[in-house]
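The block underneath contains the structure these notes are about, expressed in structure tokens.
When a residue number appears, it is its place in the shown sequence, counting from 1. Model, not experiment: these values are computed from the prediction.
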Amino acid sequence: MPVLSGTAHAAASAPETAPPREYGLDILRVVSICGVVAIHVFGYMLGRAPRESRPWWIAVVLDVSWIWVVPVFVMISGALMLGSRMVAEQPGLFYRRRATRLIPALVAWNLVYLIGVRIWMRGEDLTPQRTLQLLVDGSVFTQLYFLWLIAGLYAVAPVLAGFLRGGGEARAAKAAAAFLAATVLFYMLPGVLGLFGVSSPVRLNFLTHWMPYVGYFLAGYALRNVRLTGFKLTVTALATAALIAGTVWHYGNKGEIRLLDAVVSVSYLGVGVALAALGIFVVTLSLASNLRVGRSGKPLTALSNATFGVFLVHLVIFEAIRLQFPAVAAGMSVKAMGLAYAATLVGSFAVSIAARRVPVLRSIF
């Protein structure tokens, strides 16, 4: 997720003129990374607490309420990348800069999680076949698929930027809507076929993780300058909150309405989550548009730049906590998991901020 460490600037109108920083994107990054950590910590609890119990429902709320964060991260990337003149006019330079940032992280963190976490910390006995499968699937560990996802989007960014140039906001919006609609329908199909007893799961690998997210990538660019006020902002915010609440309810009551389960999947590519992510993106940027940051701009920028490292290191820290504290390993205590979440989040930010000050480590944080 290298976008997390980029500079939250709007697209430059001229190469020699630095645009003002878009602090709304920084706020989205920081809030969203808090959600990523919540999904992984409380998702662990969700898989262990007895279904329908109080801890289980709390885990459902604290996990599923953040389901929009991955689409929003992709949208942030689209807003920054597709609005850059370098992407369209100097693709070679763009690829070199992105490769310098992304390849070290891909290599280093796959090794950290494969050897450090799976083999050393967990004691897994990985066969060559299993290791190869993890690498091909792009799933050496929970979150690392996103590095392949963003790498694929960066690869096609110059093509998309070239298509969007000269087309205005209307072309970007139409393209985003078309790709999102096609993706949502594609991921709806397995559920609908399941109603008729047909199994047709979607399976991705390290070469294809990016494909379903082109719509979100384009949407970030298309919506980057949309600012709502007054009644429109209020209605959009309420509708977004209702979509998130509905998604939480749906997950908690999965299986009760088969048609709903088939048509509206509780996933990053479900129609409800897609609409919620669009709403979060627009509402946050709208609310932040008149925000006077002042002296808080520097720490906000530091936290925003550290989110890439937080994304990569947080599961190492959570794994260490899980192995040391039986109550966390059991995954049934709300208090223990809440403390584990706080420790993981704070510890991850501390490690990332510190690592960014060390030249060798900075390249992978």
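- For F349, the CZ atom sits in a packed shell: over 12 heavy atoms of surrounding residues, nucleotides or ligands are nearer than 6.0 Å.
- Residues V74 and Y268 have side chains not in contact (no heavy-atom distance under 4.5 Å, counting atoms from C-beta outward).
- Ring planes of H40 and H314: parallel class, angle under 30° (limits at 30 and 60°).
- Rounded to the nearest 0.5 Å, atoms CE (M86) and CD (E89) are 11.0 Å apart.
- The cationic atom of R98 (NZ for Lys, CZ for Arg) lies less than 6.0 Å from the six-membered ring centre of Y154 and within 45° of the ring axis.
- For the atom pair NE2 (H209) and CZ (F146), the distance works out to 11.5 Å, reported to the nearest 0.5 Å.
- Between I27 and L300, the closest side-chain pair of non-hydrogen atoms falls below 4.5 Å.
- There is a side-chain donor-acceptor pair under 3.5 Å between S304 and R29.
- The side-chain contact (heavy atoms from CB on, under 4.5 Å) test applied to M188 returns V184, L185, V192, V263, not counting sequence neighbours.
- Geometric assessment of R224 against the ring of Y221 yields a positive cation-pi assignment under the 6.0 Å and 45° thresholds.
- Note: F42 and Y341 have tilted aromatic rings, judged against thresholds of 30 and 60 degrees for the angle between ring planes.
- A 4.5 Å side-chain heavy-atom check between F206 and Y145 finds every atom pair outside the cut-off.
- Side-chain atoms of S348 and V351, non-hydrogen and from C-beta on, never get closer than 4.5 Å to each other.
- Under the 4.5 Å side-chain criterion, counting only non-hydrogen atoms from C-beta, R118 is in contact with L134.
- For the pairing with F318, the side-chain contact (heavy atoms from CB on, under 4.5 Å) check across V313, T142, V37, V328 returns one residue only, V328.
- Counting heavy atoms from C-beta on, the side chains of M75 and L223 come closer than 4.5 Å.
- Rounding to the nearest 0.5 angstrom, the gap separating the CD1 atom in I150 from the CZ atom in F73 is 10.0 Å.
- With a 4.5 Å cut-off on side-chain heavy atoms, F281 and L28 count as touching.
- Note that R322 lies outside the cation-pi zone of F325, set by a 6.0 Å cut-off to the ring centre and a 45° limit from the axis.
- Contact annotation: the side chain of T301 approaches that of Y23 to within less than 4.5 Å [non-hydrogen atoms, C-beta and beyond].
- Salt bridge status for R130 with D125: absent, with no side-chain N to carboxylate O gap under 4.0 Å.
- Between K254 and E52 there is no salt bridge, since no side-chain N of the basic residue sits under 4.0 Å from a carboxylate O of the acidic one.
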